[in-house]
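Computed from a predicted model, the values in this text were never measured in an experiment.
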Amino acid sequence: MTPTQSSQSKSKAQRRAEAQRKAAEKRAAEQRRRRTQVGIRVGVVAIVIVAIIVLAVVLTGGSSGPPASFSNPHLGSSLQPIPASMKASWVQPPAESPGPETVGLASGPKLATLDNAANGQTIDGVQCQTNEQTVVHVHTHLTVFVNGKQQVIPYGIGIPGFQAEQSPQGPFVATGSCFYWLHTHATDGIIHIESPSTTTTFTLGQYFDIWGIPLSSTQVGSASGNVTVFFTSPGHESMLYTGDPRKLPLGNHYEIQLVVGSPIVAPYKVTDWGGL
């Protein structure tokens with residue numbers, strides 16, 4: 001190996017190591033932030049629970065009833081149990097290898113390019129700022145299948161001017177000219193919701209508008225057909241969503257799956273969020 005080749009080899013290895021280090025630092029910082037927030041929230045939740053129990057006893061005279069089923073104020077009656085007939089005929093999602101954010105990387109063709117993606121202008125009220133926001137920092141997982149084939153959600157959505165760095169687990173976007181409050185660092189389908197406000201609820205429609213591709217009950221990107229939507233929230237079974245997919249909320253460890261056409265693919269479940 002010539003000195004030049006040796007230098008180039010070291011440079012590539014250094015870039016890979018740097019990308020891996022940045023991804024690991026991002027996960028570690030997120031874990032520290034979450035531990036701090038959990039401590040604060042536990043105290044607040046404990047007070048709220050006591051107040052609710054006291055109120056319930058006062059209002060019901062101490063009587064009890066069956067536990068309430070999961071509901072989300074942004075979904076309403078559009079969230080339904082998955083029919084047994086659908087479960088009987090669906091196919092299982094493919095296994096995935098862990099990516100730079102630990103969550104599995106999707107395999108297959110890209111659902112769409114970033115040719116029409118936003119490049120810094122405010123979209124649907126979502127701004128693109130120089131630094132990532134941390135007042136709210138949660139993650140939703142998005143999976144898309146078209147006629148049974150998994151589609152890749154490209155990295156760099158919501159990060160204009162991004163530079164993807166190679167890590168042993170795959171490409172990871174650590175830098176860009178600005179970061180939309182909704183963006184994607186890798187091809188693992190993780191949507192980062194990083195907002196300066198705790199009072200705003202973001203939707204899947206806003207994310208697709210930043211991406212610059214259509215989303216409706218009959219179209220996902222360039223793929224057209226009936227769109228079956230599954231929604232999973234932490235601690236609950238996957239549900240069938242029958243409303244407008246653009247209105248689906250993005251929240252902490254929500255999982256959204258869009259299936260265009262057939263066969264229907266069973267909801268993919270993230271088993272390791274890797275500290276996200």
Side-chain angles (χ1 to χ4, degrees), residues 15 19 22-23 26 94 96 99-101 103-133 139-167 169-195 202-229 244-248 250 255-261 265 268:
R15 287 197 297 270
K22 288 182 179 179
K26 188 176 181 67
E96 297 181 345
E101 298 183 287
V103 178
L105 295 175
S107 60
K110 286 184 181 180
L111 176 63
T113 66
L114 275 66
D115 290 347
N116 297 317
N119 57 15
Q121 71 275 28
T122 298
I123 301 293
D124 300 345
V126 181
Q127 297 180 27
C128 194
Q129 297 182 285
T130 303
N131 298 317
E132 294 179 274
Q133 304 301 302
H139 308 87
T140 291
H141 186 257
L142 173 64
T143 312
V144 179
F145 291 89
V146 175
N147 296 327
K149 295 182 179 179
Q150 189 174 24
Q151 308 292 298
V152 172
I153 311 299
Y155 55 74
I157 298 170
I159 311 178
F162 67 85
Q163 295 292 323
E165 301 174 346
Q166 288 297 325
S167 76
Q169 292 78 32
F172 180 83
V173 175
T175 61
S177 58
C178 63
F179 293 82
Y180 280 94
W181 298 338
L182 310 177
H183 59 260
T184 303
H185 286 280
T187 57
D188 50 15
I190 292 293
I191 302 173
H192 290 246
I193 301 98
E194 301 177 10
S195 166
F202 298 101
T203 66
L204 190 62
Q206 289 172 302
Y207 177 73
F208 270 72
D209 288 346
I210 292 169
W211 190 353
I213 64 173
L215 173 65
S216 70
S217 59
T218 59
Q219 186 173 8
V220 180
S222 62
S224 298
N226 182 62
V227 179
T228 301
V229 182
D244 181 356
R246 291 186 52 83
K247 296 181 180 180
L248 280 165
L250 304 178
E255 298 182 67
I256 298 171
Q257 181 164 306
L258 309 175
V259 182
V260 184
V265 181
Y268 175 85

Just how far is it from atom [atom1] of [X] to atom [atom2] of [Y], taken to the nearest 0.5 Å?
X    : Y    : atom1 : atom2 : result
Q121 : C178 : CD    : SG    : 9.0 Å
K149 : S107 : NZ    : OG    : 12.0 Å
S195 : F202 : OG    : CZ    : 3.5 Å
I153 : T187 : CD1   : OG1   : 9.5 Å
F172 : D188 : CZ    : CG    : 9.0 Å
D209 : D124 : CG    : CG    : 4.0 Å

Taking the side chain as C-beta and beyond, is there a heavy-atom pair between [X] and [Y] under 4.5 Å?
X    : Y    : answer
Q257 : F145 : yes
N226 : T218 : no
P245 : F208 : no
L215 : L258 : yes
L111 : V220 : yes
Y180 : I159 : no
L250 : I256 : yes
E101 : I190 : yes

Can [X] and [Y] be counted as having a side-chain donor-acceptor contact under 3.5 angstrom?
X    : Y    : result
Y268 : Q150 : no
H139 : H141 : no
T184 : Y207 : yes
E132 : W181 : no

Quick check: closest heavy atoms across [X] and [Y], and the distance to 0.1 Å?
X    : Y    : value
G120 : C128 : O-CB, 3.8 Å
Q166 : P171 : NE2-CG, 3.6 Å
A106 : E96  : CA-OE2, 3.7 Å
Q169 : G99  : CB-C, 3.4 Å

Heavy-atom donor-acceptor pair, Q133 side chain to N131 backbone, under 3.5 Å: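 Checked: pair present.
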
Flag, side chain of S167 to backbone of G170, donor-acceptor distance under 3.5 Å: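 Judged by distance alone, yes, a pair lies under 3.5 Å.
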
Geometric class of the H192/H183 ring pair [parallel <30°, tilted 30-60°, perpendicular >60°]: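 H183 vs H192 ring planes: parallel.
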
Aromatic plane relationship, Y155 with F162 - under 30° parallel, 30 to 60° tilted, over 60° perpendicular: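 Aromatic pair F162/Y155 classed perpendicular.
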
Evaluation steps, side-chain contact (heavy atoms from CB on, under 4.5 Å), between L204 and L142: CA-CA 9 Å; L204 190 62; L142 173 64; 4.3 Å; yes

Pair L114-I157, side-chain contact (heavy atoms from CB on, under 4.5 Å): steps then yes or no: CA-CA 7 Å; L114 275 66; I157 298 170; 4.1 Å; yes

Verdict with supporting geometry, L182 and Q206, side-chain contact (heavy atoms from CB on, under 4.5 Å): CA-CA 8 Å; L182 310 177; Q206 289 172 302; 3.9 Å; yes

CD (Q163) with more than 12 external heavy atoms under 6.0 Å: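 It does not: Q163 CD has 12 such atoms or fewer within range.
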
